[in-house]
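Below: the structure, in structure tokens.
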2 protein chains.
Amino acid sequence: MARPRTKKRIVNRLPRERREADILEAALHVFRLRGYENASISEIAERAGLVEGSIYRYFQNKRDLVIKVIEQWYLGMISEDEAWLPGIEGARNKLRHAIWHHLNAIRQEPGLSRLVFSEFRPDPEYRQTTIFALNRRYTSRVTDIVREGMQAGEFRADVSPSLVRNLIYGCIEHHTWAFLRGEGDFDVERTADAITNLLCQGLDQRPNPVASPAPRKKRL
Amino acid sequence: MARPRTKKRIVNRLPRERREADILEAALHVFRLRGYENASISEIAERAGLVEGSIYRYFQNKRDLVIKVIEQWYLGMISEDEAWLPGIEGARNKLRHAIWHHLNAIRQEPGLSRLVFSEFRPDPEYRQTTIFALNRRYTSRVTDIVREGMQAGEFRADVSPSLVRNLIYGCIEHHTWAFLRGEGDFDVERTADAITNLLCQGLDQRPNPVASPAPRKKRL
DNA sequence: GCCATTTAATGAATGTAATTTATTTGGCTG
DNA sequence: CAGCCAAATAAATTACATTCATTAAATGGC
């Protein structure tokens, strides 16, 4: 029961911002690598250069921490995307770009994508999360594009824009699951083309392909 | 330290099949209600009328148990579906039925659906799972229908059947997430119609609405 | 019907990981 | 330079899954 007075514990004190940033970076790394369940606070702490319990001074709990990580990722993606879109002409091209961008994001960050798809979205609290709000912002460009395309007469007007959104993001997700599990790769460009084409043209054999030489311009 | 000889422990011995069935039923109930993480072996054991440790005589571990539960569910769905399909004429109608059936399955078993979507599919081992094989069997009817439709000239032949499959199941899944989280309901019939229509007709304004019998509004 | 063997079932032990709490430490202020 | 406060720590707590040694029921040979 004699306590070892000799062993002074080493304490490394840092400014709040620095610590928080260090923890976030460590958490990003570990969550990306291991997913949510298999990520341990102790590994994050070790990587950030402190002790498990100390994480809780900066973040409420493991979930809060992972949410902060995902938030940062979303913010980056949204601003990145907003920089590109204005330069693209025509609803179909814009749609193609949104599809391309999402495929690309998944390919760049499979670990974080998995986290969102399987850890957050199913959560009954998801709707109250900031991730939900960010995701809505992120996906709303598709519904916006669709509405614009309808106004311009480029798209038929009797389709629900949110159904189109679900179709696009759902299709992409299903298409990329094998990759997300680490089973090989996929081609962003080809996939984007294929989805855009199927979505716009539809599956039916065109009833009257002869009559329309100019697919874009409407007549009279 | 005196051990209580007086307290004889009560043991309820049952035939293997009965025990296994009891455990499976209890597990079905608990997993449906609580999902995977929040389901505890002790709750399942209690409901099945035995003690935690005993579960492990019948199932390797928690994961093995949940897999058995999901397997049973899939087998039921597949046979149920195979009973209907032959009676339907035309690729488009068959597709509509597959879509309808999946929507219906999700609506009947939101808890189990969530389990598959967020617990199994992301698992790196998923491909080696029997669930994977069953899911493949379950979804393959869509690719089959699409191929048939192409052969019959009802569908265009330059589309990947598996892309259509991903589009359908992905779209359905995205469309039902809010419901799966317990946020309200959805209409199976209407949704099935909307998806079928969008998938077959496509988003583009028909270049030549005059030639076909006026789907929405005709001008002039 | 009776003992020996087999196997179901138990209850306690083990291990791991998140979270909480009581203590200690370092830097800053008056 | 003493004392305070927030930052860090280490140890305690909790909640489960999983393992294991022990007990009890069933069964088969006599």
Side-chain angles (χ1 to χ4, degrees), chain A residues 1-24 26-27 30-31 33-69 115 119-120 123 125, chain B residues 1-24 26-27 30-31 33-69 115 119-120 123 125:
Chain A
M1 279 301 171
R3 70 219 135 104
R5 260 241 164 279
T6 43
K7 190 189 284 175
K8 258 193 147 190
R9 65 180 178 187
I10 308 145
V11 172
N12 190 14
R13 239 167 170 186
L14 289 179
R16 183 169 197 89
E17 285 89 39
R18 177 64 193 285
R19 262 282 127 95
E20 211 170 294
D22 284 358
I23 294 174
L24 275 174
V30 174
F31 282 128
L33 190 65
R34 305 218 189 277
Y36 185 72
E37 286 305 329
N38 292 323
S40 73
I41 296 285
S42 66
E43 186 176 355
I44 294 170
E46 187 182 29
R47 188 161 233 274
L50 36 56
V51 125
E52 295 177 61
S54 302
I55 301 273
Y56 291 86
R57 177 165 299 284
Y58 298 92
F59 301 91
Q60 288 193 317
N61 50 35
K62 193 177 173 184
R63 194 151 196 91
D64 180 42
L65 180 53
V66 77
I67 284 178
K68 296 282 162 54
V69 168
L115 231 47
E119 201 62 46
F120 285 105
D123 188 330
E125 307 288 291
Chain B
M1 277 305 173
R3 70 217 136 106
R5 259 241 163 282
T6 43
K7 190 189 285 176
K8 257 192 146 186
R9 65 180 178 186
I10 308 145
V11 172
N12 190 15
R13 234 165 172 184
L14 290 179
R16 184 170 196 85
E17 286 90 37
R18 176 64 195 284
R19 262 282 125 96
E20 210 169 296
D22 283 0
I23 295 173
L24 276 174
V30 174
F31 282 128
L33 190 65
R34 306 217 188 278
Y36 185 71
E37 286 305 330
N38 292 322
S40 73
I41 296 286
S42 66
E43 186 176 355
I44 294 169
E46 187 182 28
R47 188 162 233 275
L50 35 57
V51 123
E52 296 178 58
S54 303
I55 302 274
Y56 292 87
R57 179 166 298 283
Y58 298 91
F59 300 91
Q60 289 192 316
N61 49 36
K62 193 177 173 184
R63 195 154 196 87
D64 181 41
L65 180 53
V66 77
I67 285 178
K68 296 282 161 53
V69 168
L115 232 47
E119 202 62 45
F120 286 105
D123 189 331
E125 308 287 292

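All chains are named by letter (A, B, ...) in the order of the sequence lines, taking the proteins before the strands, and each is independently numbered beginning at 1.
Distances from the side chain of A:Arg19 to the nucleotides C:dA18, D:dA8, D:dC16 place D:dA8 closest. The side chain of A:Ser54 lies closest to D:dA8, out of D:dA8, D:dC16, C:dA9. When each of D:dT9, D:dA26, C:dT10 is scored by its nearest atom to the side-chain atoms of A:Leu50, the top-ranked nucleotide is D:dT9. Nearest to the side-chain atoms of B:Glu52 among the listed nucleotides D:dA17, D:dT9, C:dA8 stands D:dA17.
Whole-Å rounding puts the B:Leu14 CG to C:dA9 P distance at 6 Å. In this entry the distance linking CD of A:Glu37 with P of C:dT16 reads 17 Å, nearest Å. Taking atom CD1 of residue A:Ile41 and atom C1' of nucleotide D:dT9, one finds them 16 Å apart after rounding to whole Å. Atom CZ of B:Arg18 is separated from atom P of C:dA9 by 11 Å (rounded to the nearest Å). Atom CD1 in A:Ile23 sits about 11 Å away from atom C1' in D:dA8, given to the nearest Å. Rounded to a whole Å, the CD atom of A:Glu20 is 11 Å from the P atom of D:dA8.
Of the residues in residues 55-69 of chain B, those placing a heavy atom less than 4.0 Å from an atom of DNA chain C are B:Arg57, B:Tyr58, in numerical order.
Toward the 5' end of DNA chain D, the nearer of the two residues B:Asn12 and B:Tyr36, judged by each one's closest nucleotide, is B:Tyr36. Mapping B:Arg13 and A:Gly49 onto DNA chain D by nearest heavy atom places A:Gly49 closer to the 5' end of the strand.
Salt bridge B:Arg34/B:Glu43: present, at least one basic N to carboxylate O contact under 4.0 Å. Looking at B:Asp123 and B:Arg63, a side-chain N of the basic residue comes within less than 4.0 Å of a carboxylate O on the acidic one, giving a salt bridge.
Of all the heavy atoms in A:Tyr36 and A:Leu115, the pair that sits closest is N-CD1, 3.5 Å.
The residue B:Ala45 sits apart from the nucleic acid: no heavy atom pair falls under 4.0 Å.
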Determine, stepwise, if the pair B:Ile23 / B:Leu50 fulfils side chain to side chain contact (heavy atoms under 4.5 Å, CB included). CA-CA 9 Å; B:Ile23 295 173; B:Leu50 35 57; 4.2 Å; yes

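In this structure, B:Glu37 and B:Glu119 have side chains that are in contact, with non-hydrogen atoms separated by less than 4.5 Å. In this structure the side chain of B:Phe120 reaches within 4.5 angstrom of the side chain of B:Ile67, judged on heavy atoms. Counting only heavy atoms from C-beta outward, the side chains of A:Val66 and A:Lys62 never approach each other to under 4.5 Å.
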